[in-house]
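Accompanying notes for the structure given below.
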Amino acid sequence: MQDLTGVKEAPESQVRILCGACHAFPRPTDFPKAHWPYEVAQGFKFFNTRLKEKMSFTPPDIKSVLKWYVERAPDVIPIKTNTIPIGGCPVRFEKTTYFLPNVHYPIVANVSLANLTRKTKFDLLVCCIFPGAIYFMQPDTPHPELMKIADLKAPVHAVVCDLNDDGVPDILVADLGSLPPTNAKVGDVTWLRGDKSPDNELSFTPITLLTNVGRVADVEPIKVGARTDLLVSEFGHQTIGSVIYLENKTTDWSHPNFVPHVLDSRAGAIHTLACDLSGHGEQDAISLISQEHEQVVALINDGHSHFTEKLIYAGDHPALGSNGIELVDLNHKGKLDVLYTAGDLFDPFSILREDQGIYWLENKGSYPFAVHKLATMYGCYRAVAADFQGNGRNDIVAVSNIPIEVSTNTAALRLNSILYLQHLPNDEFKQCPLEQGTCYYFTCVAGDVFGDGRNSFVTGTAFTPGRPPSHGAVTIWRNRGKAM
C-alpha cells in the first residue's frame with residue numbers, strides 16, 4: 001500500500017463521476033484496503049483509454065481517489081466457513097470418473113449433451129482448453145471412453161446442429177484462442193462439418209467461419225425461417241469484444257458466407273442464447289456480458305433480424321464475476337427465466353465474496369426481471385436446472401472453481417464444490433451439498449444421460465498447476481433414484 005499521508009481525499013461527487021462512468025459505481029466495501037490501489041489504477045486506465053475523449057471531465061488526482069476509497073474500505077472481507085454438511089439430497093447419485101490418457105491437468109471448459117451419432121440417445125461432448133481438443137463419448141455403452149474428434153487452440157463451447165441442412169450433424173465450436181486474458185485477435189468460430197462416412201465413423205472437416213476477432217466464448221445457432229444464422233459471444237478482454245450476429249448469406253456450402261453485425265460493442269460477452277422471449281414466434285436472444293458491466297440483456301428481434309436491447313439484470317458492482325446463464329422456466333409458469341451464476345475468480349486480486357453464487361432472474365413479463373438469490377457459493381461457475389426427482393419441479397446443480405491463488409483453505413472451510421438445490425413447493429430452495437473442498441470445476445450439464453428416464457448430470461474438471469494431480473477430466477453423476 002502506497003503512503004497516502006497528507007493526501008487530500010477527492011470529493012465524493014467527482015469519484016462517482018469518474019468511477020461510475022461506464023459501469024456500476026464500485027462501493028468502498030467491495031474490496032479490502034489492500035486491493036484498492038489495483039482497482040483504482042484499473043479505473044483510471046479504463047477512463048483514459050475509453051472515456052477521456054468523450055467526456056468534458058477532468059478527473060481528480062489518482063492518489064486523492066485512492067485515499068477516498070481506502071478511508072472507507074474494510075481491512076479484510078471475512079470468509080465464512082460453510083455450516084451445511086454434505087448430505088440431505090433427495091436423490092442418490094452414483095459417480096464415475098473418466099480420464100484423458102497422459103493428461104494430468106485437464107482444463108475442461110464445457111460439457112454438453114447432444115444427439116450427435118444417435119437420434120434417441122444423448123452423446124457427451126467435452127471441450128478442453130488443455131489439451132486443445134474436443135472429445136466425444138457415448139455414456140450409456142458398456143465401456144464408454146473419451147475419444148478425440150478435433151484438435152483446436154482453446155475450444156470452450158460446442159453445439160451440435162445441421163448447419164448446411166444435409167442431414168448430417170455438424171458441430172459449431174467457439175475457440176477462445178488463449179486462456180490468459182489478451183486483447184489480441186486470437187478467437188475463432190469453427191464449423192466442424194459432419195462428413196458422411198460409409199462405415200458410420202465420426203468424421204469432421206474443420207472450416208473457419210469467423211476469425212481475426214477477440215477471444216470467442218460462445219457460438220449458438222439461431223433459426224431465421226429456413227436458414228441457420230449464428231450468435232457469437234466475443235469475450236475479448238478490455239479493449240475488444242462484442243456480441244455478433246452472423247447472418248447466413250451462403251449460396252454455396254463449399255464457400256460458406258456469414259455477414260457479421262455487431263449487436264453490442266462491449267467486451268465480456270460469455271453466452272448469447274437464442275429463444276422466443278417475447279412470444280411472437282421470432283427468435284430473440286439473451287446475452288450475458290461480464291467484465292465490469294455484469295449485465296444480462298435481452299435482444300428482441302423485430303422480425304427482420306434487427307435487435308433491440310432490454311436490460312434483464314445489472315450487478316451491483318463491477319467485480320461481481322458473472323460467468324454463466326441457462327434459460328429455463330424454473331417455476332413452470334409459462335415464462336422463460338434466467339438461471340444466472342456469479343463467482344469468477346480468475347482476475348487479478350480476486351477475492352471470495354458473499355454475493356457469489358446462484359441467482360434466479362424471474363420473468364414476470366416486464367424488464368428488468370425479478371432477482372432471487374438462491375444460494376451463496378464462493379467461486380460458483382455454472383448452474384443447471386432439471387427435474388431430478390421426477391416430481392415436476394426443477395432442482396438445480398451448481399459447481400465452483402476456486403484457484404489456489406485465491407484460497408488454499410477450501411477443504412478446511414468446507415466450501416461447496418458441487419451443490420444441489422432442492423426446489424420446494426413454495427419456490428424456496430434447500431441446500432444439499434454433494435461435495436466440498438474440491439473446488440476445481442468449470443462446467444456441468446444435466447439430462448437423461450443414460451436413456452433411463454432419469455436426469456443425471458456431468459461435471460468437467462479444470463485443474464491448474466499447483467493443485468494435486470488430476471482426479472479425471474469428466475465425472476458422470478448417475479441418478480439412481482430416491483435417496484434412502
Side-chain angles (χ1 to χ4, degrees), residues 86-100 108 110-127 134-147 149 157-162 169 171 200-202 324 326-332 339 358 382-399 417-425 429-435 438 441-461 471-484:
I86 291 176
C89 183
V91 179
R92 181 169 64 91
F93 291 103
E94 176 184 279
K95 57 185 288 192
T96 305
T97 298
Y98 298 87
F99 293 77
L100 296 176
V108 177
N110 183 255
V111 288
S112 59
L113 298 171
N115 300 114
L116 181 61
T117 63
R118 304 168 295 177
K119 293 183 178 179
T120 59
K121 290 187 177 181
F122 281 133
D123 302 313
L124 177 66
L125 279 181
V126 180
C127 290
I134 295 179
Y135 295 83
F136 153 85
M137 174 193 281
Q138 293 179 330
D140 61 307
T141 54
H143 303 288
E145 294 181 2
L146 289 167
M147 297 175 288
I149 57 176
H157 195 273
V159 60
V160 172
C161 76
D162 185 1
I171 304 175
N200 292 321
E201 289 189 2
L202 286 176
E326 182 180 43
L327 309 185
V328 57
D329 182 1
L330 196 59
N331 55 358
H332 295 293
L339 184 61
I358 307 153
R382 188 81 173 107
V384 292
D387 182 2
F388 292 102
Q389 299 183 70
N391 61 2
R393 289 194 295 273
N394 285 312
D395 296 340
I396 295 168
V397 167
V399 298
S417 46
I418 302 179
L419 179 62
Y420 186 100
L421 296 181
Q422 181 184 0
H423 192 168
L424 303 178
F429 288 81
K430 176 187 175 184
Q431 296 188 37
C432 308
L434 295 178
E435 186 177 283
T438 52
Y441 302 102
F442 267 161
T443 182
C444 61
V445 66
D448 188 355
V449 177
F450 296 95
D452 56 6
R454 293 173 175 168
N455 284 316
S456 302
F457 71 95
V458 184
T459 57
T461 56
H471 288 258
V474 298
T475 299
I476 298 179
W477 299 68
R478 184 167 187 171
N479 186 338
R480 288 299 190 180
K482 186 176 180 181
M484 302 302 291

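These values consider heavy atoms only, across backbone and side chains, with no hydrogens, waters or symmetry-generated copies.
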Shortest non-hydrogen contact between [X] and [Y], atoms and distance:
X	Y	answer
Val445	Val111	CB-O, 3.5 Å
Ile358	Leu339	CG2-CD1, 3.9 Å
Pro139	Arg118	CD-NH2, 4.5 Å

For Lys95, does the NZ atom sit with more than 12 other heavy atoms under 6.0 Å from it, leaving out its own atoms?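 More than 12 heavy atoms, drawn from other residues, nucleotides or ligands, come within 6.0 Å of this atom.
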Compare all side-chain heavy atoms of [X] with those of [Y] and state whether any distance is below 4.5 angstrom.
X	Y	value
Leu434	Cys89	yes
Glu94	Ser456	no
Gln389	His423	no
Asp395	Asn455	no

Could you tell me whether the side chain of [X] and the main chain of [Y] form a donor-acceptor pair under 3.5 Å?
X	Y	result
Asn479	Phe388	yes
Glu326	Ala385	yes
Thr96	Ile476	no
Asn110	Val126	no
Thr461	Tyr441	no
Asp123	Thr117	yes

Using 30° and 60° as the class boundaries, would you call the ring planes of Trp477 and Phe93 parallel, tilted or perpendicular?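 Perpendicular.
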Separation between [atom1] of [X] and [atom2] of [Y], rounded to the nearest 0.5 Å:
X	Y	atom1	atom2	result
Leu116	Phe136	CG	CZ	6.0 Å
Asp329	Asn394	CG	CG	7.5 Å
Phe457	Leu113	CZ	CG	12.5 Å
Ile396	Cys444	CD1	SG	10.5 Å
Arg478	Arg480	CZ	CZ	4.0 Å
Ile171	Cys161	CD1	SG	10.0 Å

Go through Phe122 and Asn115 one step at a time and tell me if the side-chain contact (heavy atoms from CB on, under 4.5 Å) criterion holds. CA-CA 5 Å; Phe122 281 133; Asn115 300 114; 4.0 Å; yes
Within the 3.5 Å criterion, strictly below it, is a donor on Glu435 or Thr438 matched to an acceptor on the partner's side chain?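 Side-chain D/A pair, Glu435 to Thr438: present.
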